[in-house]
Amino acid sequence: MPDGTEIVLVRHGESEANVAEIWQGHMESPLSGLGRRQAASAGRALRSFPVAAIYSSPLGRAVETAEIIARETGYAGEIVKLPGLIERHGGILQGHHWPDYAAANPELAERFLSAPDSERWALVGAEDTPSVLRRARGAIEEILRRHDAGEVVVVTTHGGLLKAFLSDTFGREIFENGEPRVPNTSITRILYNASGPKLLELASTGHLERVTTQPTD
């Protein structure tokens with residue numbers, strides 16, 4: 001039996017807003033057809049795990065991903081929604097098509113993309129990273145208090161929150177040589193024990209290799 005509690009972090013499946021390149025933040029957007037197939041594939045990849053619980057951001061795209069994973073893994077319990085797992089609020093960017101917004105506001109877009117993290121979000125009235133980290137850490141700590149060593153817990157959440165949380169926990173360098181973002185339905189596994197968090201797997205997408213952009217049935 002593992003000597004700690006394993007948390008499996010899964011970014012939600014592709015949403016319709018992802019397809020349209022619309023900045024979502026706290027905005028609701030359902031999963032696309034591909035997003036649902038991605039979630040099903042992630043669920044199948046987790047079938048061999050003894051899932052003790054599933055937690056989710058309260059936003060619909062994360063909840064739907066959690067529901068699909070529950071179906072595919074045979075998990076019959078409640079999906080617990082934790083407000084701390086919600087995506088970063090995007091300020092004035094929410095609901096905007098980013099390429100169009102950047103074209104209409106080139107100076108702001110350039111400043112936003114070039115500014116350090118400590119300044120970037122304030123430019124657009126978005127939630128700052130310390131606030132995101134406080135609530136993300138709080139949610140993970142709450143989950144760990146509820147579960148014992150040897151249990152595996154699945155958490156469905158969002159790319160912005162995951163990037164901030166993982167960079168803070170393990171160092172920004174973990175993303176330097178690979179994917180700069182956390183892909184849809186990527187799987188990240190962390191073991192928490194008395195020695196602290198241990199990264200077992202980072203933003204894995206191997207389970208998506210056979211997921212096509214069009215349905216195969």
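The figures here come from the full heavy-atom set of this structure, side chains too, leaving out hydrogens, waters and symmetry mates.
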Peer 1: Hey, does the side chain of Gln38 reach the backbone of Glu14 with a donor-acceptor pair shorter than 3.5 angstrom?
Peer 2: yes

Peer 1: Determine, stepwise, if the pair Leu9 / Leu166 fulfils side chain to side chain contact (heavy atoms under 4.5 Å, CB included).
Peer 2: CA-CA 10 Å; Leu9 300 167; Leu166 293 171; 4.2 Å; yes

Peer 1: Val155, Val10: one ILVMFWY side-chain cluster at the under-4.5 Å cut-off?
Peer 2: no

Peer 1: Is it the case that one hydrophobic cluster holds both Tyr101 and Ile22, taking links as side-chain heavy atoms less than 4.5 Å apart, direct or via other members?
Peer 2: no

Peer 1: Show the atom names and distances, to 0.1 Å, of all donor-acceptor pairs under 3.5 Å that link a side chain in residues 115-125 to residues at least two apart or in another chain.
Peer 2:
from   : atom 1 : to     : atom 2 : distance (Å)
Asp117 : OD1    : Trp121 : NE1    : 3.1
Asp117 : OD1    : Thr129 : OG1    : 3.3
Asp117 : OD2    : Thr129 : OG1    : 2.6
Arg120 : NE     : Phe112 : O      : 2.8
Arg120 : NH2    : Ala115 : O      : 2.8

Peer 1: Does any part of the side chain of Arg146, heavy atoms only, come nearer than 4.5 Å to the side chain of Val153, both counted from C-beta?
Peer 2: no

Peer 1: Say whether, by atom type as modelled, one donor and one acceptor occur between the side chain of Arg88 and the main chain of Gly160 under 3.5 angstrom.
Peer 2: no

Peer 1: Out of curiosity, Arg135 CZ to Glu142 CD, how far, rounded to the nearest 0.5 Å?
Peer 2: 14.0 Å

Peer 1: How long is the gap from CG on Leu59 to CG on Leu85, to the nearest 0.5 Å?
Peer 2: 10.0 Å

Peer 1: Can you tell me which residue pairs pass the side chain to side chain donor-acceptor pair (under 3.5 Å) test with a partner in residues 66-80, sequence neighbours excluded?
Peer 2: Arg47-Glu72

Peer 1: Only pairs at least two apart or in different chains count here, so list each ring-ring contact (aromatic ring centres under 6.0 Å, His included) that has a residue in residues 48-73.
Peer 2: Tyr55-His147

Peer 1: Suppose the criterion is side chain to side chain donor-acceptor pair (under 3.5 Å): which pairs have a residue in residues 182-195, not counting sequence neighbours?
Peer 2: Asp3-Asn193, Glu6-Arg189, Asn18-Asn184, Arg189-Glu201

Peer 1: Closer than 3.5 angstrom, by distance alone: can the side chain of Ser204 be matched with the main-chain N or O of Ile187 as a donor-acceptor pair?
Peer 2: no

Peer 1: Which other residues end up in the same hydrophobic cluster as Leu31, if Ile, Leu, Val, Met, Phe, Trp and Tyr are linked when side-chain heavy atoms come under 4.5 Å apart?
Peer 2: Ile68

Peer 1: Can you tell me how far apart CG (Leu191) and OG1 (Thr5) are? Round to the nearest 0.5 Å.
Peer 2: 7.5 Å

Peer 1: Verify, without hydrogens or angle tests, whether His89 (side chain) and Gly91 (backbone) share a donor-acceptor contact under 3.5 angstrom.
Peer 2: yes

Peer 1: Is Thr65 reaching over with its side chain to a backbone N or O of Ala39, donor-acceptor style, under 3.5 angstrom?
Peer 2: no

Peer 1: Find out whether Leu82 and Ile143 are in side-chain contact, i.e. whether some heavy atom of one side chain is under 4.5 Å from a heavy atom of the other.
Peer 2: yes

Peer 1: Indicate whether the side chain of Ser57 and that of Thr157 have a donor and an acceptor atom separated by less than 3.5 Å.
Peer 2: no

Peer 1: Please determine which of Gln94, Glu87, Arg61 meets the side chain to side chain donor-acceptor pair (under 3.5 Å) test together with Gln24.
Peer 2: Arg61

Peer 1: Members other than Leu161 in its cluster, when Ile, Leu, Val, Met, Phe, Trp, Tyr link by side-chain heavy atoms under 4.5 Å?
Peer 2: Val132

Peer 1: Looking only at heavy atoms, which two atoms of Ser56 and Ala66 are closest? And how far apart?
Peer 2: CB-CB, 4.1 Å

Peer 1: If you round to the nearest 0.5 Å, how far is CD of Glu64 from CD1 of Ile79?
Peer 2: 10.5 Å

Peer 1: Given the rule that I, L, V, M, F, W and Y join up when any side-chain heavy atoms are under 4.5 Å apart, are Leu162 and Leu199 in one cluster?
Peer 2: yes

Peer 1: Under 6.0 Å from the CD atom of Glu28, do we count more than 12 heavy atoms belonging to anything else shown?
Peer 2: yes

Peer 1: For residues Val182 and Ile7: do they belong to one hydrophobic cluster (side chain heavy atoms under 4.5 Å, members Ile, Leu, Val, Met, Phe, Trp, Tyr)?
Peer 2: yes

Peer 1: Are Met27 and Leu93 joined in one hydrophobic group, where the rule is that I, L, V, M, F, W and Y side chains link up if heavy atoms are under 4.5 Å apart?
Peer 2: no

Peer 1: Less than 4.5 Å apart, any side-chain heavy atom of Phe170 and any of Leu202?
Peer 2: no

Peer 1: Quick one, Leu108 and Ile92 - any side-chain contact, counting heavy atoms below 4.5 Å?
Peer 2: yes

